[in-house]
Amino acid sequence: MSDYNHSEVEKKWQQRWKDNNTFKAVEQDGKEKYYCLVMLPYPSGNLHMGHVRNYSIGDVFARFHKMNGKNVIHPMGWDAFGMPAENAAIKHKVHPAKWTKQNIARMREQLKALGISYDWDREIATCDSEYYKWNQWFFIKMWEKGLVFRKAANVNWCPSCNTVLANEQVSEGVCWRCKNHTEHRDLEQWFVKITDYADELLEGHKELAGWPEQVLSMQRNWIGKSYGAEVDFALSGSGKKLKIFTTRPDTLFGATFMVIAPEHEIINELKDKIKNWDEVAKYIVESGKKSNIERSQSKEKTGVKLEGVHAINPVNGKETPIFVADYVLTGYGTGAIMAVPAHDQRDLEFAKKYNVPIVEVIKGENSDISNKAYEDEGVLVNSGQFDGIKSADAFNIVSEWVEKHGFGKKTINFKLKDWLISRQRYWGTPIPMIHCPMCGIVPVPEKDLPVTLPEDVEFTGEGESPLKSSESFVRVKCPKCGMPARRETDTMDTFVDSSWYFARYCDAHNDNAPFDGKKVNYWMPIDQYIGGIEHACMHLIYSRFWHKVMRDLQMVNSDEPFTNLLTQGMVTLGGSAMSKSKGNTVSPDEIVEEYGADTARLFILFAAPPQKQLDWSTEGVEGCWRFINRIWRLKDIVNSKAESAASDNDKADMLRIMHQTIKKVTGDIEKEHQFNTAISSVMELVNYLYTYKFHGNDNSVSLEAYKAVVLLMTPFTPHLCEEIWENLGNKDFISSVGWPAFDEKFIKQDTIEIPVQINGKVRGKIFISAEAGEEDVKKIVLADEKTAQNLKDKQLVKFIYVKNKIVTLVVK
RNA sequence: GGGCGGAUGGCGGAACUGGCAGACGCACAGGACUUAAAAUCCUGAGGCUCGCAAGAGCCGUGAGGGUUCGAUUCCCUCUCCGCCCACCA
């Protein structure tokens, strides 16, 4: 009996799969396709166990459906733009491209060593100009459609490095490099009008029955659709109006003051009227220094009253004071609110602190506003002609009154903001625009794409975007008038790269278009998408949006890109997520070296269901290695032709367990996505085979069961299974062979054992025919000696038979 | 503060639609094989009490209550943990 040599076997089959193009995907009319995709990795340098988990999960789906006869596409690529490469360039003086390519090369080898069934011919890296050329192409299409626009926006700015910082480069208000305090600055930025699709992104959820409810609810929150009204409050003595948004128009009579965000433009317009301007200006500067997180975490609300101006409540003509306070956000609604302290907790806290009157306008059962705002429904009071109306009805009645009298209108608001896609960095897709002093903003003509990243750039981490230092890049002629012009130096958010890569995989090397429509429509939408829950809102909304834009450009014919979504749990170490920046990663290399890729894959799939968080521990790896060897050794035992002493009953039992296992594993993979229980049921089948009788020379039944074991394990441990399959004399690759079928006829049992409960406790077991009716079962139960003992001196009150499950007696 | 999950032996986890809680694996113990060890194969095992034993009884799925013949599963209250969003008017 030879020991299983994992390293030899795994190399052998990886080579054979490659030589035979086993996993190459080709469009085939009439064959059902299956698109399996795992979110593409960022090439950080090394695979960690989190990656192993993701890609192993994806491989189970891909291999399972291939064995079930589907035309499977399972591509892989690299989300290769982003800050870490640029940081490495600053720190180690390596060009980001070089650093990235090295990392990709290393991680590609690690992935190949895991034996994942990728079609490597479709590999892409988003930092290749063949790829990002099409980011630029899409950008121009969106510009033409009015989906791209420019607007001033707030950015983090480090005054000592003289550079823009990403959110993750600022922690606790301090620059990651120089540790100096950062500030906010307004810069002209590029935006994508994702809000045009806000409603459709929400409505589209109806098509996403194959998504976890958790993700849908997170997206609902993120999109944040709310119904309300915009109301204009006149400003005393200025002729100007202040527009506010409220979700509670029913509380309009309770508005005793107004609050506007420090960034609100009306403050400057009212400058002459504001008597305490110095105080107000100081407050605005102070809150501008705070990060959004600081703002939201401060326990006490702060603000300053604008002396000398008042707003007039349109419903009752009352004058109300106006405050500027940073608990009101500039980016939501109109950046101004009417404050109703009686019915909004935040407003109440503020009103108490600044001594503003509190007027109750909604009376509910037991409503008491002395300590806490009453935010529930009730009946209107102190509301003039609307008194006595239920608050739920008043929403419409009051809004209609406001609308009729020209003070405002009903409206819908979204939390979803337009997507700020420009970055003042080097390592990203250059935005293909040219600023001409004569013609304004002019897109780069399609024939001049791609706009490639220049090489003559130095990475210091200081100053503005490194692209600005490249003369050859910046100095261009205007495509329209030919006069000297300046090239845009902003690059795109890397979320752009991952918003459509799944479509590019369908036609990965097309030089004339992002992809061919026929090919994309053959493979899309993705049947199974797999990735972390952390992408629930950003990536999974951006790419749904992008897909809808591609649909509106008549490039794809589906509405949604991802039919089914599985969000796998994180692999943690001591409870915190593995990531390179935390330095707590575990590399798969040692396990692959010592026990092989199959063991690594099996272990990580067996340890927990895919959706669940998994805290890393190597305990148990040996158990999986043992199991692999148990399957391997079984080959010689089964092959020794030694079964004839097995009785017909033994054989029937063996077949029953085999068919049961096939049924269970198939369901666990296909429907439940519970790979851990699929594996454990194969373990049971293997255990059963070990205790099965082997004497004589007929091994037909045990060989059949053994083959089932090998086929069922192929999605988990493909190398081992290929090797055994070949050893059993098969010429085909097991990866391409049919998935085993089960037959209920073998699973059905004539006689079954069921428990007998008396008053809720199991008191015995009986054998009955599976077909037996309640009356028959009752006879058997009452005739049972043990049951009779338990029934002595008692009265049978109730008899319950749950078919093929349990008998329950209720006695007194 | 809001939303969504979760809590089961020493550990990872299992349990269909309310029907024998703890499958499978790890760790552990015993046996076989061996000069011995490793490896392998077999067996045992939630806790407590009684019993030489076979076995019997009770308790037990974060806590408390409820519905039910029967609850890990459904309902209510609470505690703790994780994730996402977060002063969203």
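Proteins get letters first, then strands, A, B, ... in listed order; numbering begins at 1 in each. Atoms considered below: every heavy atom in the structure, side chains included; atoms not considered: hydrogens, waters and symmetry mates. Just so it is clear, the structure is predicted and the values come from calculations on it, not from any experiment.
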For a quick test of reading the model: is some side-chain N or O of [X] closer than 4.0 Å to OP1 or OP2 of [N]?
| X | N | answer |
| --- | --- | --- |
| A:Tyr690 | B:rC42 | no |
| A:Asn687 | B:rG25 | yes |
| A:Arg630 | B:rC42 | yes |
| A:Lys301 | B:rC87 | no |
| A:Gln674 | B:rA14 | yes |
| A:Thr808 | B:rG19 | no |
| A:Lys761 | B:rG70 | no |

To the side chain of [X], which of [options] is closest?
| X | options | value |
| --- | --- | --- |
| A:Leu329 | B:rA15, B:rC58, B:rC87 | B:rC87 |
| A:Trp222 | B:rC69, B:rG13, B:rC85 | B:rC85 |
| A:Ile806 | B:rC24, B:rC20, B:rG3 | B:rC20 |
| A:Ala607 | B:rG12, B:rC58, B:rA89 | B:rG12 |
| A:Glu684 | B:rA23, B:rA89, B:rC84 | B:rA23 |
| A:Thr677 | B:rC20, B:rA15, B:rC41 | B:rA15 |
| A:Phe245 | B:rC20, B:rC4, B:rA89 | B:rA89 |
| A:Thr691 | B:rC42, B:rA14, B:rC20 | B:rC42 |

Over all strands shown, is [X] touching base, sugar-phosphate only, or nothing at heavy-atom distances under 4.0 angstrom?
| X | answer |
| --- | --- |
| A:Arg626 | sugar-phosphate |
| A:Ala536 | nothing |
| A:Ser681 | nothing |
| A:Gly623 | sugar-phosphate |
| A:Gln345 | nothing |

Rounded distance (nearest 0.5 Å) linking atom CD1 of A:Ile337 with atom CZ of A:Arg248: 13.5 Å

Under 6.0 Å between ring centres: does that hold for [X] and [Y]?
| X | Y | value |
| --- | --- | --- |
| A:Tyr227 | A:Phe395 | no |
| A:Phe675 | A:Phe606 | no |
| A:His6 | A:Trp625 | yes |
| A:Phe603 | A:Trp616 | yes |

Rounded distance (Å) that lies between atom [atom2] of [N] and atom [atom1] of [X]:
| X | N | atom1 | atom2 | result |
| --- | --- | --- | --- | --- |
| A:Arg601 | B:rG25 | CZ | C1' | 19 Å |
| A:Arg220 | B:rG5 | CZ | P | 10 Å |
| A:Asp636 | B:rC41 | CG | P | 13 Å |

Along RNA chain B (nearest heavy atom to each residue), the more 5'-positioned of A:Lys612 and A:Val621: A:Lys612

Of A:Pro755 and A:Asn676, the one whose closest RNA chain B nucleotide lies more 5': A:Asn676

Donor-acceptor pair present, A:Lys765 side chain and B:rC20 base, under 3.5 Å: yes

base_contact_polar (B:rG12 base, A:Glu619 side chain, donor-acceptor, <3.5 Å): no

If you measure from the [atom1] atom in [N] to the same atom in [M], how many Å do you get, rounded?
| N | M | atom1 | result |
| --- | --- | --- | --- |
| B:rG57 | B:rG65 | C1' | 27 Å |
| B:rA14 | B:rG22 | C1' | 7 Å |
| B:rA38 | B:rU34 | C1' | 10 Å |
| B:rU68 | B:rC78 | P | 24 Å |
| B:rA21 | B:rA56 | P | 15 Å |
| B:rA37 | B:rA45 | C1' | 26 Å |
| B:rG66 | B:rC80 | P | 24 Å |
| B:rG19 | B:rG70 | C1' | 7 Å |

A:Asn413 side-chain N/O to A:Phe245 backbone N/O, donor-acceptor pair under 3.5 Å: no

Lys/Arg-Asp/Glu bridge criterion (N-O < 4.0 Å) met for A:Glu753, A:Lys765: no

Carboxylate-amine/guanidinium contact A:Lys663 A:Glu744, below 4.0 Å: yes

